[in-house]
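Just below is one structure, and these are the notes that go with it.
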Protein chains: 2
Amino acid sequence: MNLKEFSELLGLSPTTVSRALGGYPEVKEDTRRRVHEAALQHGYRPNRRAAALATGRAMAIGHVIPISLNHEMVNPVFADFIAGAGEIYAAAGYDMTMSVVPDGEELRVHRQMALTGSVDGVIVHAPRENDPRIPMLQEFGIPFVVHGRVPDTELTYNFVDVDNARAFRRATDLLLDLGHRRIALVNGLQHMDFARRRRQGYLAALDARGAPITSDLQVSAEMSERMGFLAAQRMLALPAPPTAFLVSSLIMAIGVRRAIHDAGLEMGRDISVVTHDDMLGYLANGDEVPLFTATRSSVRAAGRRCAEILLGRIPNPDAPPDQEVWESELVLGASTGPAP
Amino acid sequence: MNLKEFSELLGLSPTTVSRALGGYPEVKEDTRRRVHEAALQHGYRPNRRAAALATGRAMAIGHVIPISLNHEMVNPVFADFIAGAGEIYAAAGYDMTMSVVPDGEELRVHRQMALTGSVDGVIVHAPRENDPRIPMLQEFGIPFVVHGRVPDTELTYNFVDVDNARAFRRATDLLLDLGHRRIALVNGLQHMDFARRRRQGYLAALDARGAPITSDLQVSAEMSERMGFLAAQRMLALPAPPTAFLVSSLIMAIGVRRAIHDAGLEMGRDISVVTHDDMLGYLANGDEVPLFTATRSSVRAAGRRCAEILLGRIPNPDAPPDQEVWESELVLGASTGPAP
DNA sequence: CGGCGCAGCCAAAGCGGTTTGGCTGTCCGC
DNA sequence: GCGGACAGCCAAACCGCTTTGGCTGCGCCG
């Protein structure tokens, strides 16, 4: 059933029906009600594609989520981010179009989204050093929000980011305060901006206290349980093993915990662990007492906020950029204690 | 830049340009090359919305992913399923439109997708008992594929499912063979079809061997680490604690493992664990030797297959239904041993 | 040499909405 | 009694593409 048929059914013109449904004031309240009822009864809904074409707005937001080539893995934080953003889109009547693309092909897909007008805006996930997507999107003039930041570029775009450097500096300071000196960093892949910043915070804290900095105690890897396990296992076998781990994600931290157990040690007594916690739904960090001492920031809330900002930009794209750097909480859990 | 402008630029008619780009044979090879080059150079790409309207095909597939009301959690298997499906869509030039909706609102969203013609087909996630989505989609005549099945309905639709009953029956048999009698089931929510079937398999195996069946040893909960932990913790404190756990997801199993450790027991020696493993990218089940003995089936492969089937139905929707029930592997890991 | 077939291009009619710019009729004020 | 304002409806022009159904001109055959 299309608008023409439906309006004939009602004995009205397409114009009036469209306006009645669209909530415009030019139709009598009586007529509007009649139209609404008939729409419900006959199951008429305006065709989205046609409406998109006519209005020039697609009522859709694009997400391009990268999937790592090596291990074919998609970062589990996306699910929660998407859930957050999805809430906002649903409330505003927007769709979310998603592409899952291999690392490195994001540029092409973003370009296509911009060029074909299939979306009104995009979210940039997982920004990297010198990320080419940002200048490209700016050139195309399509609204976008970055989840994270890019180093060494002019910050003329919208973004929501956690203060990763500060979070990991504070976490490192905590471990130093507890007397730890050999503190290991189990980080995400180094070309990711968040990993770089976390490492900066870690190094800055060690440096400020004159604690030793070794490459032995720094690992960058994909954020899987397995990589956390392997990294910790290797480090625990060193002649001078670390007494504390600083880990970039809860899922890696679970791997680290496993390595600690396997080595016959006890987490929180023999070895301390601080992790970043994205507050994923299916991976709560304990109950009242957090399992892990953690720097904590909800990735789902970030998803919500990115979506809000993006939708806000669509009507007026030339407003000054919205930029938010979130402080993460540092919560004390059962995984840290004084250095042995 | 639109088709009209672009074709004027080339001194050709819109028709010819459209055909050249579309790969139709009515244009000279020479002209086609010229058009392609110009398109690349001027960054022209046909507007997807307009193309969708003209062809009647949206070139998009809808996914509606439910998010549990209680704990606001989105099942982590979706990320991997989506990644698999996304591969197929990308190769076929399809988009994926996703809605994240609270439990129970899926019906409304599916209806809207069907009615507004914003997608050419949909994937039904997480089917439940008497799921109203299936008859509704059938009535609307929009192609769809169910990831899973629904009990007690005529199986006249397309689906890809794991043989959950058989997988858990085999797993239970394994534990019984090892001498275990008090075997606990830590399952997903009971209204989910897969959870129901797994329970059936578990009960059938116990029943066949005359092993005791107690409600004390059966839990249905959301599949988070926390719920796995709490369930196992509670059961281990029973007067007659289980000697083995059968768990519905690796993430829950990690919680179970934690509870076992906390109780001062060792997994694989004091307590056995068998889990279902969806083979999520970031949660590999160990290396050469699996960490957990597991029934194993790749949810990502299921995503790929569902997408393939769905795309195949779009050209001929009236073909007999594609139905696949996958056998899952039973892999032996370090988490099982003879009953103490 | 006339006619037919075909390669190669084009004009125009959709697809299903939204929106601009009327048009009618009623009501009110002077 | 007349003019203007306004409520309420409608016709028609888009939006940007695809696709049907020509049209032209050339080559080939009888």
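The sequence lines fix the lettering, A, B, ..., with proteins before strands; numbering per chain opens at 1.
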For [X], answer base if it contacts any base atom (sugar-phosphate contacts may also be present), sugar-phosphate if it contacts only those atoms, and nothing otherwise; contact means non-hydrogen atoms under 4.0 Å.
X: A/Y44; answer: sugar-phosphate
X: A/Y24; answer: sugar-phosphate
X: A/T15; answer: base

Considering only NZ, NE, NH1 and NH2 on the basic side and carboxylate oxygens on the acidic side, decide whether [X] and [Y] come within less than 4.0 Å.
X: B/D30; Y: B/K28; value: no
X: B/R34; Y: B/E37; value: no
X: A/E29; Y: A/R32; value: yes

Check the distance between [N]'s [atom2] and [X]'s [atom1] and give it to me in whole angstrom.
X: B/E26; N: C/dA11; atom1: CD; atom2: C1'; result: 15 Å
X: A/K28; N: C/dT26; atom1: NZ; atom2: C1'; result: 12 Å
X: A/L3; N: C/dG17; atom1: CG; atom2: P; result: 5 Å
X: A/R49; N: C/dG14; atom1: CZ; atom2: C1'; result: 14 Å
X: B/L10; N: C/dG8; atom1: CG; atom2: P; result: 17 Å

5'-most contact on DNA chain C: B/A54 or B/R19, nearest heavy atom basis? B/R19

When the nearest nucleotide of DNA chain C is assigned to B/E29 and to A/K4 on a heavy-atom basis, which residue is associated with the more 5' position? B/E29

Taking every non-hydrogen atom, the tightest pair across [X] and [Y]:
X: A/A58; Y: A/G117; answer: CB-O, 3.9 Å
X: B/P127; Y: B/V150; answer: CB-CG2, 3.6 Å
X: A/D80; Y: A/V299; answer: CB-CG1, 3.6 Å
X: A/N158; Y: A/I309; answer: CB-CG2, 4.3 Å
X: B/R49; Y: A/L53; answer: NE-N, 4.0 Å

Below the 4.0 Å mark, does C/dT18 have OP1 or OP2 next to a side-chain nitrogen or oxygen of A/S18? yes

Side-chain N or O of A/N2 less than 4.0 angstrom from OP1 or OP2 on C/dG16? yes

Range on DNA chain D touched by chain A, heavy atoms, distance below 4.0 Å: D/dG8 to D/dG16

Mind checking what makes ring pair (Phe, Tyr, Trp, His ring centres under 6.0 Å) contact with B/H63, not counting sequence neighbours? B/Y89, B/H125

Taking the nucleotide of DNA chain D with the closest heavy atom to each, which residue, B/A51 or A/S13, is nearer the 5' end? A/S13

If an axis is fit to five pairs at each end of the helix from C/dC1-D/dG30 to C/dC30-D/dG1, what is the angle between the two, to the nearest 10°? 50°

